[in-house]
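Quick caveat, the model's predicted, so the values are computed rather than measured.
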Amino acid sequence: MSALTFHPPTPARLDYIAERLRAADRVELAVTAPGRAVAEVLHDSVLSSRWSIVAEVDGVASIAYGVAPTADPLIGSPWLLATDDLRKVRREFIERCRGEVRLMQQKFLVLTNEVHRDNALSIRWLEWLGFTIDRARPVGPNGEMFVFWKGNARHV
């Protein structure tokens with residue numbers, strides 16, 4: 001069984017994850033942040049977040065995630081970027097995230113973001129965490145189809 005540990009994000013950890021990012025996350029970033037380097041997007045995600053964390057799998061930085069405020073102070077935008085090592089620790093990671101989503105919901109009335117419709121692992125992760133998967137809609141400069149996901153939909 002792989003060991004899962006959690007640490008503050010550092011530039012070195014973020015760069016390591018960016019270099020080895022999952023293909024599905026690269027597709028999303030190509031649509032949502034065209035022309036930007038993966039490392040730049042990951043560093044900016046951490047800087048803009050209310051809180052963020054890096055998970056290491058067997059001592060190797062593998063997952064970065066957090067929640068960023070939006071223009072509406074009631075709405076938070078959870079995000080996650082990971083390497084393929086996420087697959088090694090799926091169950092343990094989900095258990096950890098359930099508690100963290102509850103903490104996010106204490107800070108924000110609504111949690112919402114977008115995920116590419118072909119990113120099956122992320123969609124399953126969101127469903128396990130209790131998010132509602134909404135219909136696909138065009139997003140990004142090329143009209144790529146994404147699935148919109150949200151927490152409490154009363155105010156979206």
Side-chain angles (χ1 to χ4, degrees), residues 1-33 36-70 75-134 136 139 144 146-153 156:
M1 182 196 256
S2 295
L4 182 64
T5 56
F6 296 86
H7 307 275
T10 64
R13 286 181 177 129
L14 297 174
D15 289 343
Y16 191 86
I17 293 168
E19 291 169 11
R20 291 157 184 80
L21 200 64
R22 294 180 319 131
D25 287 343
R26 286 187 185 281
V27 168
E28 286 185 13
L29 292 181
V31 173
T32 60
R36 293 185 65 203
V38 171
E40 177 187 2
V41 173
L42 185 51
H43 286 269
D44 286 350
S45 295
V46 168
L47 289 173
S48 67
S49 290
R50 177 85 41 95
W51 68 264
S52 59
I53 196 160
V54 168
E56 291 186 354
V57 177
D58 296 329
V60 177
S62 302
I63 309 161
Y65 63 104
V67 62
T70 66
I75 300 175
S77 182
W79 58 271
L80 178 142
L81 295 170
T83 70
D84 287 322
D85 285 344
L86 174 59
R87 292 183 180 280
K88 296 178 185 177
V89 293
R90 282 187 293 209
R91 292 196 192 282
E92 186 178 352
F93 186 68
I94 289 168
E95 290 304 317
R96 165 82 180 222
C97 289
R98 283 185 177 141
E100 289 173 340
V101 168
R102 285 191 292 274
L103 292 174
M104 290 178 196
Q105 290 174 309
Q106 291 174 3
K107 297 182 184 309
F108 299 101
L109 186 59
V110 177
L111 300 174
T112 186
N113 208 336
E114 295 150 345
V115 62
H116 196 276
R117 68 176 180 197
D118 296 333
N119 194 339
L121 181 62
S122 291
I123 291 171
R124 281 194 312 270
W125 175 71
L126 293 166
E127 289 172 331
W128 287 329
L129 291 173
F131 286 94
T132 300
I133 306 300
D134 206 348
V139 175
E144 292 279 335
F146 278 65
V147 174
F148 186 71
W149 55 271
K150 56 193 168 198
N152 182 343
V156 174

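Remark: the W79 side chain and the S49 side chain contain an N/O donor-acceptor pair separated by less than 3.5 Å.
At least one side-chain heavy atom of P69 sits less than 4.5 Å from a side-chain heavy atom of F108. For the pair S122/R22, a side-chain contact is recorded, criterion being any heavy-atom separation below 4.5 Å from C-beta on. Residues Q105 and L111 are in side-chain contact: their nearest non-hydrogen atoms beyond the backbone lie under 4.5 Å apart. Taking the side chain as every heavy atom from C-beta outward, V57 and L4 approach each other to under 4.5 Å. Counting heavy atoms from C-beta on, the side chains of V38 and I17 never come closer than 4.5 Å.
The list of ring-ring contact (aromatic ring centres under 6.0 Å, His included) pairs with a residue in residues 8-33, not counting sequence neighbours, is empty. Residue pairs satisfying the salt bridge (Lys or Arg N to Asp or Glu O under 4.0 Å) criterion with at least one member in residues 1-10, sequence neighbours excluded, are absent. Among residue pairs with one or both ends in residues 121-133, none qualify as salt bridge (Lys or Arg N to Asp or Glu O under 4.0 Å); sequence neighbours excluded. Listed by first and then second residue, the salt bridge (Lys or Arg N to Asp or Glu O under 4.0 Å) pairs involving residues 50-70 are R13-E56 (not counting sequence neighbours).
For W51, the side-chain contact (heavy atoms from CB on, under 4.5 Å) test picks out I53, Y65, V67, E100, M104, K107, with sequence neighbours left out. Listed by chain and number, the residues in a side-chain contact (heavy atoms from CB on, under 4.5 Å) with T32 are L29, F146 (sequence neighbours excluded).
From R20, atom CZ reaches atom CG of D25 across 15.0 Å, with rounding to the nearest 0.5 Å. K88 contributes atom NZ, which lies 15.0 Å from atom CZ of F93 (distance to the nearest 0.5 angstrom). Separating the CG atom in L14 from the NE2 atom in H43 is a distance of 5.0 Å, to the nearest 0.5 Å. Of the inter-residue distances, the one linking R90 atom CZ with D85 atom CG reads 12.5 Å to the nearest 0.5 angstrom.
A pairwise comparison of heavy atoms in L42 and A64 identifies CD1-CB, 3.8 Å as the closest pair. Scanning both residues, L129 and I94, for their nearest heavy atoms gives CD2-O, 3.9 Å. Residues V54 and P9 come closest through the heavy atom pair CG2-CA, 3.6 Å. In terms of heavy-atom proximity, N113 sits nearest to P78 at ND2-O, 2.7 Å. Shortest non-hydrogen contact noted between S52 and V46 is OG-CG1, 3.4 Å.
The one candidate from L80, L121, L126 that meets the side-chain contact (heavy atoms from CB on, under 4.5 Å) condition with V115 is L126.
Side-chain N or O atoms of T70 include one that pairs as donor or acceptor with a backbone N or O of I75 at under 3.5 Å.
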